[in-house]
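Here is the structure we will look at, set down as structure tokens.
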Amino acid sequence: MNNIDYLYSKNRVLDFSGCKYLGEVHELIKKELELPEFYGCNLDALWDAITGLMYVPANIKIIFKPETVAAQKLADEIEKIIEVFKEAKEEYGQIKLTIER
């Protein structure tokens, strides 16, 4: 991403710290990335959304500092979601990704 792209990027924050269910995580993704209602709420649909439906260039900050036991139980699924974002960043270059743990 060059400096001009950075200036015109959409800034998105995905804070999964308080999420208790995987469905809640995907609803947050859908809302914050402004995805259509037909977003499928799974990893394949996430890949499709990031690489074809989401506004780019984008600055995405993912925060996962589990606040509850329920949130901590989502850690493995959140890691899979983070990996999808990392792969999309590497492959398409239109995403700046920051992760806070």
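Along the sequence shown, residues carry numbers from 1. Values reported hereafter were calculated over all heavy atoms of this structure, with side chains retained and with hydrogens, waters and symmetry mates removed.
Atom CG of Leu46 sits about 13.0 Å away from atom NZ of Lys80, to the nearest 0.5 Å. Rounded to the nearest 0.5 angstrom, Leu22 CG and Glu27 CD are separated by 11.0 Å. A distance of 11.0 Å separates CD of Glu87 from OG1 of Thr51, quoted to the nearest 0.5 Å.
Counting heavy atoms from C-beta outward, Leu35 and Tyr55 have side chains that stay 4.5 Å or more apart. The shortest side-chain heavy-atom distance between Leu53 and Pro36 falls under the 4.5 Å cut-off. Side chains of Ile81 and Val25 form a contact here, defined as non-hydrogen atoms less than 4.5 Å apart. Within the 4.5 Å cutoff, no side-chain heavy atoms of Arg12 are placed close to those of Asn59. Residues Val69 and Lys73 have side chains in contact (heavy-atom distance under 4.5 Å, counting atoms from C-beta outward). Side-chain contact between Thr98 and Ile62 is absent, with no heavy-atom pair separated by less than 4.5 Å. Side-chain contact check for Glu34 versus Lys10: some heavy-atom pair is nearer than 4.5 Å.
Scored by the side chain to side chain contact (heavy atoms under 4.5 Å, CB included) test, Glu79 finds Ile82, Arg101 as partners (sequence neighbours excluded). When the salt bridge (charged side-chain N to carboxylate O under 4.0 Å, His left out) test is applied to Lys20, no partner is found at least two apart in sequence or on another chain. Taking the side chain to side chain contact (heavy atoms under 4.5 Å, CB included) definition, one finds that Leu28 meets it with Phe16, Cys19, Glu32, sequence neighbours left out. Remark: Glu100 engages Lys61, Ile63, Lys65 in a side chain to side chain contact (heavy atoms under 4.5 Å, CB included) (not counting sequence neighbours). Scanning for side chain to side chain contact (heavy atoms under 4.5 Å, CB included) contacts around Glu67 gives Ser17, with sequence neighbours left out.
Linking ILVMFWY residues whenever their side-chain heavy atoms come closer than 4.5 Å, directly or via other members, places Ile99 and Ile60 in the same cluster. Under a hydrophobic clustering in which Ile, Leu, Val, Met, Phe, Trp and Tyr are joined whenever their side-chain heavy atoms come within less than 4.5 Å, directly or via other members, Ile95 and Val13 fall into different clusters. Hydrophobic clustering (side-chain heavy atoms under 4.5 Å, transitive across Ile, Leu, Val, Met, Phe, Trp, Tyr) groups Ile29 together with Tyr92.
Judged by a 6.0 Å distance limit and a 45° cone about the ring axis, Lys30 is not positioned over the six-membered ring of Tyr39.
Residues Phe85 and Leu14 come closest through the heavy atom pair CZ-CD1, 3.6 Å.
Residue Tyr21 belongs to no hydrophobic cluster, having no ILVMFWY side-chain heavy atom closer than 4.5 Å to its own.
With Asn42 contributing its side chain and Gly40 its backbone, the two residues share a donor-acceptor pair below 3.5 Å.
Between Lys86 and Glu83, at least one side-chain N (NZ, or NE/NH1/NH2) sits under 4.0 Å from a carboxylate O, which counts as a salt bridge.
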